[in-house]
Asks: 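I have a structure I would like to understand better, so I am pasting it below and will then ask my questions one at a time.
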Amino acid sequence: MADVSSYENAADGVARRVLLAGPRSFCAGVERAIEIVERTLEQRGAPVYVRKQIVHNVTVVDDLAGRGAVFVEELDEVPDGATVVFSAHGVSPAVRKEADRRGLDVIDGTCPLVTKVHAEARRFAARGDTVVLVGHAGHEEVEGTLGEAPESMVLVSTPDDVRELPPDLGRQVSYLTQTTLAVDETEEVVGTLRERFPLLQEPPSDDICYATTNRQAALKAIVGESDLVLVVGSENSSNSVRLVELAQREGTRAELIDQAADIRPEWLAGVRTVGLTAGASAPPALVTEVVSRLGAFGPVHVEEREIARETVSFDLPSPLRAAARRTADGRSS
């Protein structure tokens with residue numbers, strides 16, 4: 001239960017500044033994944049099965065479930081011949097083979113930037129590399145990437161994990177990373193890899209996606225002025241959790257919230273500047289609701305701090321594009 005004096009202090013009517021980090025909320029890969037489920041429901045009708053959460057956000061998943069999406073953990077929960085969407089985090093080749101064997105109608109929602117990492121894993125393994133994947137064990141993206149070449153890949157999460165790798169790891173060692181990691185922490189892990197393996201081969205471009213990098217840079221731009229940072233996102237959202245950790249490393253108290261109602265009045269006691277951002281899978285409307293909720297504790301002055309403008313977009317999978325063209329042609333004839 002909140003301390004009464006803390007509540008009165010938080011709701012004392014004193015104006016607070018809200019620093020909005022930009023970019024924040026949905027990235028292109030998340031927008032694409034959500035649209036894939038929506039278009040599939042429109043074109044094929046409910047139910048449409050989705051393996052795992054399409055993106056890691058409770059609000060998004062609940063909304064799509066209300067429209068007829070059925071979220072399952074594994075393909076054995078999907079009826080033979082049914083339509084199934086693969087989540088934005090990607091799947092292993094073994095999952096794709098199982099879907100083919102079952103005759104499932106697959107729509108692939110994998111983010112193209114995750115697909116890039118899968119392709120690199122296959123290419124590095126095919127040339128004989130031992131591939132070190134920097135990521136978090138158990139994350140769906142990591143499981144899918146490891147599945148591309150399990151006999152050639154090892155997973156590390158920290159510099160200590162790297163130090164425990166055998167010195168004779170392979171004739172040639174290369175590395176890849178999960179797309180949603182903290183940039184600073186990943187650089188430390190990769191630096192340790194280079195110390196251990198001076199001939200380390202790297203991907204042609206960063207695997208950490210532009211959206212993750214931008215949201216972390218945007219938060220860095222406001223965290224020093226903030227007494228409290230609120231990150232809108234779900235607990236299983238890797239990029240959202242990394243934002244909380246970034247703020248904490250910078251010495252600022254930070255809280256992860258799924259929605260505005262999660263804000264506790266005692267958090268605001270003594271707080272005059274709130275930094276506000278959202279993970280790449282959190283809907284923009286939730287940020288607006290958080291600002292409104294903060295206004296219930298006293299006047300707020302909102303300042304936008306945008307460090308980059310994102311213009312990236314990704315095409316929908318070809319089956320959905322083809323169906324949309326057929327529908328458009330039918331309407332025009």
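Quick note: residue numbers are just sequence positions, from 1.
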Asks: Can you run down the ring pair (Phe, Tyr, Trp, His ring centres under 6.0 Å) pairs that involve residues 214-237, sequence neighbours left out, and say none if there aren't any?
Replies: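 Of all non-adjacent pairs touching residues 214-237, none passes ring pair (Phe, Tyr, Trp, His ring centres under 6.0 Å).
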Asks: Distance from Ile54 atom CD1 to Ile34 atom CD1, nearest 0.5 Å?
Replies: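 Nearest 0.5 Å value for the CD1-CD1 distance: 8.0 Å.
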Asks: Under the salt bridge (Lys or Arg N to Asp or Glu O under 4.0 Å) definition, can you give me all pairs with a residue in residues 229-251, not counting sequence neighbours?
Replies: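 Salt bridge (Lys or Arg N to Asp or Glu O under 4.0 Å) check on residues 229-251 returns Glu185-Arg249, Arg242-Glu245.
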Asks: Closest approach of Asp258 and Val232, non-hydrogen atoms and distance?
Replies: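 It is O-CG1, 4.1 Å.
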Asks: Determine the minimum heavy-atom distance between Ala121 and Thr145, stating which atoms define it.
Replies: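 Residues Ala121 and Thr145, closest heavy atoms: CB-CG2, 4.3 Å.
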Asks: Kindly check if the number of other-residue, nucleotide or ligand heavy atoms within 6.0 Å of CG (Asp161) is above 12?
Replies: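 Yes, enclosed.
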Asks: Does Glu143 form a side chain to side chain donor-acceptor pair (under 3.5 Å) with Ser92? I'd like the steps, not just the answer.
Replies: CA-CA 7 Å; Glu143 291 177 347; Ser92 69; over 6 Å; no
Asks: Identify the two heavy atoms, one from Gln53 and one from Ser87, that lie closest to each other, and give their separation to 0.1 Å.
Replies: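 For Gln53 and Ser87, the tightest heavy-atom pair comes out as O-CB, 3.2 Å.
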Asks: What's the separation between atom CG in Leu230 and atom CD1 in Ile257, rounded to the nearest 0.5 Å?
Replies: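 Taking CG in Leu230 and CD1 in Ile257, the distance rounds to 5.0 Å.
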Asks: Check Ala65 against Phe71 and note the closest heavy-atom contact, atom names and distance.
Replies: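 Nearest pair, atom of Ala65 first, then Phe71: N-CE1, 3.9 Å.
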Asks: Determine, for Glu148 against Arg122, whether the closest basic-nitrogen to carboxylate-oxygen distance falls under 4.0 angstrom.
Replies: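 Salt bridge: yes.
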Asks: When you check the gap from the basic side-chain N to the acidic O, do Glu202 and Arg194 get nearer than 4.0 Å?
Replies: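 Salt bridge: yes.
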Asks: Apply side-chain contact (heavy atoms from CB on, under 4.5 Å) to Glu164 and list each qualifying residue two or more places apart in sequence or on a separate chain.
Replies: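 side-chain contact (heavy atoms from CB on, under 4.5 Å) list for Glu164, sorted by chain: empty.
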Asks: With a 4.5 Å cut-off on side-chain heavy atoms, are Cys27 and Tyr210 touching?
Replies: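 Answer yes - side chains close enough.
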Asks: Calculate, to the nearest 0.5 Å, the distance between atoms SG and CG belonging to Cys209 and Leu113 respectively.
Replies: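 The SG atom of Cys209 sits 6.0 Å away from the CG atom of Leu113.
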Asks: If you round to the nearest 0.5 Å, how far is OG of Ser226 from CZ of Arg17?
Replies: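 Interatomic distance, Arg17 CZ to Ser226 OG, rounded to 0.5 Å: 7.5 Å.
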Asks: Does any N or O in the side chain of Asp227 come within less than 3.5 Å of the main-chain N or O of Arg272, such that one atom is a donor and the other an acceptor?
Replies: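 Looks like yes, one N/O pair under 3.5 Å.
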Asks: Sort and list the pairs that fulfil side chain to side chain donor-acceptor pair (under 3.5 Å) and have at least one residue in residues 59-71, not counting sequence neighbours.
Replies: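 Only Glu38-Arg67, Asp63-Arg67 qualify under side chain to side chain donor-acceptor pair (under 3.5 Å).
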Asks: Do any N or O atoms from the side chain of Arg196 and from the backbone of Leu165 form a donor-acceptor pair under 3.5 angstrom?
Replies: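 Looks like yes, one N/O pair under 3.5 Å.
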Asks: After noting the C-alpha distance and the side-chain angles of Glu255 and Leu228, does the key distance pass the side chain to side chain contact (heavy atoms under 4.5 Å, CB included) rule?
Replies: CA-CA 8 Å; Glu255 302 288 350; Leu228 168 70; 4.1 Å; yes
Asks: Once salt bridge (Lys or Arg N to Asp or Glu O under 4.0 Å) is applied, what residue pairs with a partner in residues 275-287 remain, sequence neighbours excluded?
Replies: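 Sorted result for residues 275-287: empty, none.
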Asks: Would you say the side-chain atoms of Gln172 and Thr130 include a donor-acceptor pair closer than 3.5 Å?
Replies: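 No donor-acceptor contact under 3.5 Å links the two side chains.
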Asks: Side chains of Ser205 and Lys116: does their closest heavy-atom pair fall under 4.5 Å?
Replies: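 Side-chain contact under 4.5 Å: yes.
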Asks: Checking side-chain polar atoms at under 3.5 Å, does Asp207 have a donor or acceptor matched by the opposite partner on Gln178?
Replies: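 No.
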Asks: Scan side-chain atoms only and decide if Asn239 and Thr212 contain a donor-acceptor pair under the 3.5 Å cut-off.
Replies: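 Checked: Asn239/Thr212 side chains show no N/O donor-acceptor pair below 3.5 Å.
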Asks: Would you say Leu155 and Val142 make side-chain contact, with heavy atoms under 4.5 Å?
Replies: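 With C-beta onward as the side chain, the pair touches.
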Asks: Name all pairs fulfilling the salt bridge (Lys or Arg N to Asp or Glu O under 4.0 Å) condition that reach into residues 23-35, sequence neighbours left out, sorted by first residue then second.
Replies: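 Sorted pair list: Arg24-Glu304, Glu35-Arg39.
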Asks: Asp108: what forms a side chain to side chain donor-acceptor pair (under 3.5 Å) with it, not counting sequence neighbours?
Replies: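 With sequence neighbours excluded, Asp108 shows a side chain to side chain donor-acceptor pair (under 3.5 Å) to Arg96, Thr110, given in chain and number order.
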Asks: For Ser157 and Ala137, which heavy atoms make the closest approach, and how far apart are they?
Replies: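 Closest heavy-atom pair between Ser157 and Ala137: OG-N, 4.3 Å.
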Asks: With the threshold set at 4.0 Å, does a side-chain nitrogen-carboxylate oxygen contact exist between Arg163 and Asp160?
Replies: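 Between Asp160 and Arg163 there is a salt bridge, with a charged N closer than 4.0 Å to a carboxylate O.
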Asks: Could you go through the salt bridge (charged side-chain N to carboxylate O under 4.0 Å, His left out) check for Lys52 and Glu74 one step at a time?
Replies: CA-CA 7 Å; Lys52 308 290 186 181; Glu74 297 299 342; 3.4 Å; yes
Asks: Test question: given the 4.5 Å side-chain rule for I, L, V, M, F, W and Y, name all other residues clustered with Leu246, or answer none.
Replies: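 Leu19, Leu219, Ile222, Val223, Val229, Val231, Val241, Leu243, Val244, Leu256, which link up through side-chain heavy atoms under 4.5 Å apart, make up the rest of the cluster.
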Asks: What I'd like to find out is whether the side chain of Arg309 reaches to under 4.5 Å of the side chain of Pro23, using heavy atoms alone.
Replies: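 Answer no - side chains too far apart.
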Asks: Quick check for you: to the nearest 0.5 Å, what is the distance between Leu200 atom CG and Thr192 atom OG1?
Replies: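 It is 11.0 Å, given to the nearest 0.5 Å.
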Asks: Can you check whether Gln248's main-chain N or O pairs, donor with acceptor, with Thr252's side chain at less than 3.5 Å?
Replies: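 Looks like no, no N/O pair under 3.5 Å.
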Asks: Do Leu64 and Val50 come close enough that some side-chain heavy atom pair is under 4.5 Å?
Replies: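 Of all side-chain heavy-atom pairs linking Val50 with Leu64, none is under 4.5 Å.
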Asks: In a table with atom names and distances, give each donor-acceptor pair under 3.5 Å that connects a side chain of residues 277-301 to protein atoms at least two apart or in another chain.
Replies:
unit_1	atom_1	unit_2	atom_2	d
Ser281	OG	His56	O	3.1
Ser292	OG	Thr288	O	3.3

Asks: Under 4.5 Å between side-chain heavy atoms, hopping through other hydrophobics if needed: is there a path connecting Val131 to Val117?
Replies: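 Yes, one cluster joins them.
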Asks: Is it true that Glu73 and Arg51 make a salt bridge, defined as a side-chain N closer than 4.0 Å to a carboxylate O?
Replies: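 Here Glu73 does not pair with Arg51 in a salt bridge, since their nearest N and O are not under 4.0 Å apart.
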Asks: Strictly by ring pair (Phe, Tyr, Trp, His ring centres under 6.0 Å), give each pair with a member in residues 158-187 just once, sequence neighbours left out.
Replies: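 Applying ring pair (Phe, Tyr, Trp, His ring centres under 6.0 Å) to every pair that reaches into residues 158-187, excluding sequence neighbours, yields nothing.
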Asks: Could you tell me whether Arg101 and Glu98 have a side-chain N and a carboxylate O separated by less than 4.0 Å?
Replies: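 Yes, Arg101 and Glu98 are salt-bridged.
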Asks: Scan for salt bridge (Lys or Arg N to Asp or Glu O under 4.0 Å) pairs involving residues 126-135, sequence neighbours excluded, and state none if there are none.
Replies: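 Counting only pairs at least two positions apart or across chains, the salt bridge (Lys or Arg N to Asp or Glu O under 4.0 Å) contacts touching residues 126-135 are Arg127-Asp129.
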Asks: Go through it in stages, so that I can follow the logic: the residues are Val132 and Val173, the test is side chain to side chain contact (heavy atoms under 4.5 Å, CB included), and I'd like the CA-CA distance, side-chain angles, deciding distance and then a yes or no.
Replies: CA-CA 7 Å; Val132 179; Val173 179; 3.8 Å; yes
Asks: Between Val106 and Phe86, does a side chain to side chain contact (heavy atoms under 4.5 Å, CB included) hold up when you go through it step by step?
Replies: CA-CA 7 Å; Val106 172; Phe86 290 156; 3.5 Å; yes
Asks: Which pair of heavy atoms, one from Pro319 and one from Ile107, lies closest together, and at what distance?
Replies: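 Closest pair (atom of Pro319, atom of Ile107, distance): CB-CD1, 4.1 Å.
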Asks: If I take atom CD from residue Gln201 and atom CZ from residue Phe124, how far apart are they, to the nearest 0.5 angstrom?
Replies: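 If we round to the nearest 0.5 Å, Gln201:CD and Phe124:CZ are 7.5 Å apart.
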Asks: Where do Leu320 and Gln43 land on the side chain to side chain contact (heavy atoms under 4.5 Å, CB included) test, with the steps shown first?
Replies: CA-CA 8 Å; Leu320 297 183; Gln43 294 176 9; 3.4 Å; yes
Asks: Just jot down the side-chain contact (heavy atoms from CB on, under 4.5 Å) partners of Val183, sequence neighbours excluded, or say none.
Replies: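 Here the qualifying residues are Glu187, Ile208, Thr213, Gln216.
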Asks: Is it the case that atom CZ in Arg253 sees more than 12 heavy atoms from other parts of the structure closer than 6.0 Å?
Replies: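 Above 12, so yes.
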